[in-house]
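In each ligand, atom 1 is the first atom listed, and ligand 1 is the first ligand listed. In what follows, residues are counted from 1 in the order of the sequence shown.
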Amino acid sequence: MRTAAPNSLPLATAAHRTWNFCAGPSMLPADVVVEIRAELPDYRGSGQSVMEINHRGPIFQGIAAETEADLRELMAIPPEYAVLFLHGGATLQYAMVPLNLAPNGSANYLVTGYWSERAVADARRVCRLRVAADGKSNGYTGIPSQSGWDLDPTGAYLHHTVNETIHGIEFQEPPAVGDMPLVGDMTSMILSRPVDVRRYGLIYASAQKNLGISGVTLVIVRRDLLREPPAGTPSMLDYRAHLDAGCLLNTPPVFAWYVAGKVLQWLKRQGGVPAIAERNRRKAELLYRQIDSSGFYVNRVDPGCRSLMNMPFRLKTPELDSLFVKEAEGAHLVNLAGHRSTGGIRASLYNAMPEEGVRALVDFMRDFERRHG
Ligand SMILES: Cc1ncc(COP(=O)(O)O)c(C=O)c1O
């Protein structure tokens, strides 16, 4: 039996912590990091770390069951929905969704930014699809008005990226499209605010934003929508095979799954999704108010669909953007550079970012404007 390491190492505290505004992997709740550190060498007296346990043994089975139960409770997931923890990131879902939901048919896609473009590009390889609307001609600054959507009524589903992490565009409500099942990529907004799961046929999200660390991907799917994938589809791409195997078709990402469980427990302690949503709204308001307070910082997204999680903005010149990012780093505000495809600046305020971190950013923005405005 190993002796547990002392839990007295100082963890970064608010006084000297680096505030990490990365779009993902992103910051974890400090309490979660402390808890993981405490039980890492000896998981609950088992004499092993959680990184070494047998994924088919009772310890991991307990972690998996608790994680699913907590997720079901936090998101009020009805019993007719299956919950899967998979590999491959949200990116693999771009292919798995059409293979399993529209094996011989077609599907509809809304393109509202970089990630929905990526979803379309991969889905096209495995199914027929129609792009019902595309916001590219408006520079991805909003969601194309529904009156102009060209939906294929025979489509098996409508896919949309609920929050475009790079362009900072978020659907405030699920699109209302009658009986057509909705598929939502919720990678960058899952658990940030209440979502009525019943409005969706399938929800997917990789974990490295609001659900812990990269390596595990969540899929929530209404069981009756699952179809047999086309002949020749490998079992790893078949939701039903994962379901039948209890998500142990192969060795699962044990550690990432365990961290997701810790994050869910933390979220419950915060008061659940409504409470974190209230905090997220306050954080977003604080930052958008600062961005809009003068013409110095500019966010071009239609205010009706601004993201609660990812706020892109720009200064007058790319040189000033770079200086902002560099000086911010000096003030322990890190990972503020925009995505390589867009440039500019982007602050991601996921669940784990405390209001204190946002206030530190806003104070820095005021000071930077005073010096360079
Ligand atoms: C909205 C969205 N979808 C998909 C992805 C891709 O996720 P992964 O890298 O886990 O495949 C990302 C990554 O940031 C994302 O933000």
Participant: For Tyr114 and His167, I'd like to know if the aromatic rings sit close, meaning centre-to-centre distance below 6.0 Å.
Facilitator: no
Participant: If you count only heavy atoms, which residues are under 4.0 Å from ligand 1?
Facilitator: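 Around ligand 1, where the cutoff is 4.0 Å for heavy atoms, the contacting residues are Gly89, Ala90, Thr91, Tyr94, Trp115, Thr161, Asn163, Thr165, Asp185, Thr187, Ser188, Ser206, Gln208, Lys209.
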Participant: Between Tyr200 and His160 (judged by ring centroids, cut-off 6.0 Å), do the two rings come close enough to count as a pair?
Facilitator: yes
Participant: Are the side chain of Asn210 and the backbone of Ile190 linked by a donor-acceptor contact shorter than 3.5 Å?
Facilitator: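 A pair under 3.5 Å: yes.
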Participant: Less than 4.5 Å apart, any side-chain heavy atom of Gln208 and any of Ile213?
Facilitator: no
Participant: When the ring centroid of Phe60 is compared with that of His55, is the distance short of 6.0 Å?
Facilitator: no
Participant: Which of parallel (below 30°), tilted (30 to 60°) and perpendicular (above 60°) describes Phe368 and Phe324?
Facilitator: perpendicular
